[in-house]
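Everything below concerns the one structure shown next.
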Amino acid sequence: MATSGQALCSSLRGPLVADRERARSCALDWMLVTPQELAAALARILSELVAERGAELIVTEQDTAVERPKNREHGDWASNAAMKFAKRLGVNPRELAQQIAERAERIDGVARAEVAGPGFINVTLDAASAGETARRVVEAGESYGRGDALRGQKINLEFVSANPTGPLHLGHTRWAALGDSTARVLRAAGAEVTSEYYINDAGSQMNKFGRSVLAAALGEDAPEDAYPGAYIQTLGERVREQIPELAELAASDRDAALAQAQELAYQLQLAEIKDSLERFNVHFDVFFSERTLHTPGEQGEPSPIAAAVDRLREQGHVFEADDAIWVRTTDFGDDKDRVFTRGNGVYTYFAADAAYYLSKKDRGFGEKIYLLGADHHGYIGRLTAIAGAAGDDTETDITVLIGQLVNLNGARLSKRAGNIVELDDLLEWLGSDALRYWLARYPADSPLSLDGEKLRSRSNDNPVFYVQYAHARTCAVDRNAAQAGVDRSSFAPELLTHETETELLGKLQQYPGVVAGAAELREPHRIARFLEELAAAYHRWYDNCRVLPLAGEEIGDLHRTRLWLNDAAGQVLRNGLDLLGVSAPERL
RNA sequence: GCCUCCGUAGCUCAGUGGAUAGAGCAACGGCCUUCUAAUCCGUCGGUCGCAGGUUCGAAUCCUGCCGGGGGCACCA
C-alpha cells in the first residue's frame, strides 16, 4: 500500500477526524443499500416466497446478485432472479418478479422496485441511501474495496522467472505487470499470496552465459554459441575489475576461472534484474533458485530433485525405458510421458520443475498459479500432470494462466531478429506508470501491442493519464475547498440527487464487487477498466456539480456533502491504482 | 495432423447467459470572465468471422467450418 499512502491528499489528514465526528452527530443514520446488501435482502425475500410455496430450493446471494443496468431508465440496480427461479417454481416470471418487487419496495433505503421486460426487477434507491456510500468510502479509506472472498486461501503465484543470463526485456514485462497486479488483487480479496520468481541458475544456459562473460572479461573473441548483446561486454568488464587475478587464473586453471566469472556475472545480473523490477514497482516475496534443487543436503541427503523423483517413484508414477527415467504424466492427461533423467544420467529441466512443484506443495500452498507466455503453452499438460502425480487436485490446486505475447509498434518481438527492448529502456522511455497501466489493461489472453508514441502522449490516447487526471482533480478540489472554507462538518446524503451524482455513487458502490470479481477470475484488467469508468463518472460530475460556491454564494450543506463525495471518488481512484501498481499523483 | 488463444465500429479493444452490444482513437460539430479544457457535450459509425444447436433469452455455452497468433524436445 506504499503507493496510496504517499498519495493521500495532504489536507485529508488532520481535520478529517474531527469533521467526521461532527458529521456523524448531525446526520441521520440512513439505511445503506450497497449492491451486496440489496442482493442479500432480495435473497431473503425470495427465500420467503419459496418457503410459502412449499418448495425446497435454497436461495443464495449469488442467485439474487444485482447489476447496474446499462439503461438509466431501468433504475439503480437490476436483478434477473425471478427469471432464473420462475421455471423451478413453476410460475410466471413476471408474476414472481412482481411479488419480489412488492416486498423489496418495503426495504429501508429502497425508493422503488419495478418489474420490467420479461421479469427484471429494477430497484431505485433513496438518494440518501445511495449518498451514504460517500461517507462509508471515506471512513473505510484504503481498506474500501478490500474483502474476504478469498480468505483462507494460501496461493503461490509464480511469474516472470526469466533466466538470469541477461536483462529483462519486453517479453517479460507483461507478466511482471500482470503478475504483480494479480498478487495485489488477490490479497485485496483476502488471499494469502506469495509471489515467486524461479531463477533458472542451473544447466547449460548458465554455462554458456559464463563462457560468454569470461571471454569478454579476458578480451577474447566470443565463443561460437555466445550470448549476443553489449551487456555481456559490460558484465565482462565488471568481472575483470572485481577479479583482478582472473587472467592469471585462466591461464593456469581455465575451469576455476570460468566458475568464478560465471558466479560473479550471475550475481551481478540477478541484482540488475531485481533493480529493474523494483523500478517497475514489481515485488517478489521469494526468489527461488533452481540450483538449490540440484544440491544434496549437508549430511549427504539426496538433492530435492532426487528426492522428488523418489517420491513419485514410490507413488508408482516413474518407470525406466530406453536408458532414461520417465514419469507417466499421461496418467494425468498429458499427451505424452516425460523424461526425468536423460540417457546420459542428467536430470531434465522438467525434473527440476517437478521438484519445484513439490517444494511449493510442501511449503503449504493450496493453489499454485503459473503465469506463462503463450510460447509455453505446451507446459500446461505436464505441469498439471505433476500436480496430479503429487496427489493434488488438478482442478483446484494448480492454475496455469497462458497469456499472449506482446508486440511493439506492431513488430513481433524476436530474439533472432534482434529487436529486443529491455525493460530498463522501456521504463526510461515511457515511465513505469504508463507502462504498467497499459500492460494491465488487457486480459492476459488478449493480444497486446505496445505503441510507444501513444504511451508517451499525454492525451486520451493514453488512459493512464485520464485516470490519474481524475485523481489529481479530486485533490485540486480538496485543496480549493480548504481554501474556500468548505469543510466536512455536515453530511446530507439526501441532497446528492443530480444525475451525475447518482452515477458516481453507483460506481463507488460497484468497486468492492469489481475487486472481488477481478480476484476470483484472476483478471486485474477489470480494475483498470473500472477505473476508466469511474474517472469518466467523476469528470462528468465535476462538470455538472460544483463543490465550491460561486462568488457571492453561501456555503451550504450541499457543498460540504459534495466534498465528501469528492473525497470518496479520490479514495477509490487511489485504491484502484494501487492495485495496479500505478501512482496516484496529487497534481499532474 | 493434434492442442490452445484470438476474430466485436475505419483503427485499438472492453463486454462473469439478460433489456436498444460499449469505450477510446480517427472524422465532423459544440462548451472556458465560474473548483485544472489532459475535462465535458453532440453527430457519424455494427450481418458481434460463417453455419447449425442448447433455452424464456446467446457476442457470451456446445458442434462444425473459415481466417490469424502460439505450441507440440532425453533444449533451457
Candidate nucleotides [options], ranked by approach to the side chain of [X] - the nearest:
X: A:V339; options: B:rU34, B:rC40, B:rC74; value: B:rC74
X: A:R540; options: B:rC40, B:rA73, B:rC74; value: B:rC40
X: A:A472; options: B:rC40, B:rU36, B:rU34; value: B:rU36

Starting at [atom1] of [X] and ending at [atom2] of [N], how long is that distance when rounded to a whole Å?
X: A:D334; N: B:rG71; atom1: CG; atom2: C1'; answer: 13 Å
X: A:N462; N: B:rA23; atom1: CG; atom2: C1'; answer: 15 Å
X: A:Y370; N: B:rU4; atom1: OH; atom2: P; answer: 21 Å
X: A:Q404; N: B:rC3; atom1: CD; atom2: P; answer: 18 Å
X: A:D375; N: B:rC5; atom1: CG; atom2: P; answer: 16 Å
X: A:E554; N: B:rU34; atom1: CD; atom2: P; answer: 23 Å
X: A:D543; N: B:rA38; atom1: CG; atom2: C1'; answer: 14 Å
X: A:H377; N: B:rG69; atom1: NE2; atom2: P; answer: 16 Å

Can you tell me the pairing partner of [N] across any strand shown, Watson-Crick or G-U wobble, with both distances under 3.5 angstrom?
N: B:rC72; result: B:rG1
N: B:rG67; result: B:rC6
N: B:rC61; result: B:rG53

Distance check, [atom1] atoms only: [N] and [M], in whole angstrom units.
N: B:rA26; M: B:rC40; atom1: P; result: 13 Å
N: B:rG22; M: B:rC31; atom1: P; result: 28 Å
N: B:rC41; M: B:rC48; atom1: C1'; result: 28 Å
N: B:rA59; M: B:rC50; atom1: P; result: 11 Å
N: B:rA9; M: B:rG49; atom1: P; result: 8 Å
N: B:rG52; M: B:rG46; atom1: P; result: 23 Å
N: B:rU43; M: B:rC25; atom1: P; result: 16 Å

Verify whether one side chain among [X] and [Y] offers a donor that lies under 3.5 Å from an acceptor in the other.
X: A:R382; Y: A:T329; answer: no
X: A:E532; Y: A:Y437; answer: yes
X: A:Q205; Y: A:N200; answer: no

Check this for me, if you would: do [X] and [Y] make a salt bridge, where the nitrogen-to-carboxylate-oxygen distance has to be below 4.0 angstrom?
X: A:E501; Y: A:R562; answer: yes
X: A:R68; Y: A:E533; answer: no
X: A:D567; Y: A:R488; answer: yes

Reckon [X] touches a base, only the sugar-phosphate, or nothing at all at heavy-atom distances under 4.0 Å?
X: A:R546; answer: base
X: A:D323; answer: nothing
X: A:K336; answer: sugar-phosphate
X: A:G378; answer: sugar-phosphate

Establish, with yes or no, whether the OP1 or OP2 oxygen of B:rA38 is under 4.0 angstrom from a side-chain nitrogen or oxygen of A:Y542.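 False: A:Y542 side-chain N/O out of range (4.0 Å or more) of B:rA38 OP1/OP2.
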
Does a side-chain N or O of A:R473 approach OP1 or OP2 of B:rA37 to a distance below 4.0 Å, or not?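 Yes.
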
Identify each donor-acceptor pair in which a side-chain atom of residues 521-530 of chain A lies under 3.5 Å from a protein atom, sequence neighbours left out, and give them as a table.
{"from": "A:R522", "atom 1": "NE", "to": "A:A519", "atom 2": "O", "distance (Å)": "2.9"}
{"from": "A:R522", "atom 1": "NH1", "to": "A:E367", "atom 2": "OE1", "distance (Å)": "3.0"}
{"from": "A:R522", "atom 1": "NH1", "to": "A:E367", "atom 2": "OE2", "distance (Å)": "2.6"}
{"from": "A:R522", "atom 1": "NH2", "to": "A:E367", "atom 2": "OE1", "distance (Å)": "3.3"}
{"from": "A:E523", "atom 1": "OE1", "to": "A:R526", "atom 2": "NE", "distance (Å)": "2.6"}
{"from": "A:E523", "atom 1": "OE1", "to": "A:R526", "atom 2": "NH2", "distance (Å)": "2.9"}
{"from": "A:R529", "atom 1": "NE", "to": "A:R441", "atom 2": "O", "distance (Å)": "3.1"}
{"from": "A:R529", "atom 1": "NH2", "to": "A:R441", "atom 2": "O", "distance (Å)": "3.1"}

Please tell me which of A:E290 and A:F465 maps to the more 5' nucleotide of RNA chain B, matching each residue to the nucleotide holding its nearest heavy atom.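 Taking each residue's closest nucleotide, the earlier one in sequence belongs to A:F465.
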
Report the residue (A:I402 or A:A536) whose heavy-atom-nearest nucleotide on RNA chain B is the more 5′ of the two.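 The answer here is A:I402.
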
Can you give one letter per nucleotide of nucleotides 11-21 of chain B, 5' to 3': B if a protein heavy atom sits under 4.0 Å from the base, S if only from the sugar-phosphate, - if neither? --SSSB-BBB-

Pick out which of A:W175, A:F287, A:F159 makes a ring-ring contact (aromatic ring centres under 6.0 Å, His included) with A:Y197.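 Between A:Y197 and the candidates, ring-ring contact (aromatic ring centres under 6.0 Å, His included) is satisfied uniquely by A:F287.
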
B:rC13, syn or anti by chi within 90 degrees of zero: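 Anti.
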
Taking the six-membered ring for Trp, are A:W438 and A:Y442 parallel (under 30°), tilted (30 to 60°) or perpendicular (over 60°)?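 The arrangement is perpendicular - the two ring planes meet at more than 60°.
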
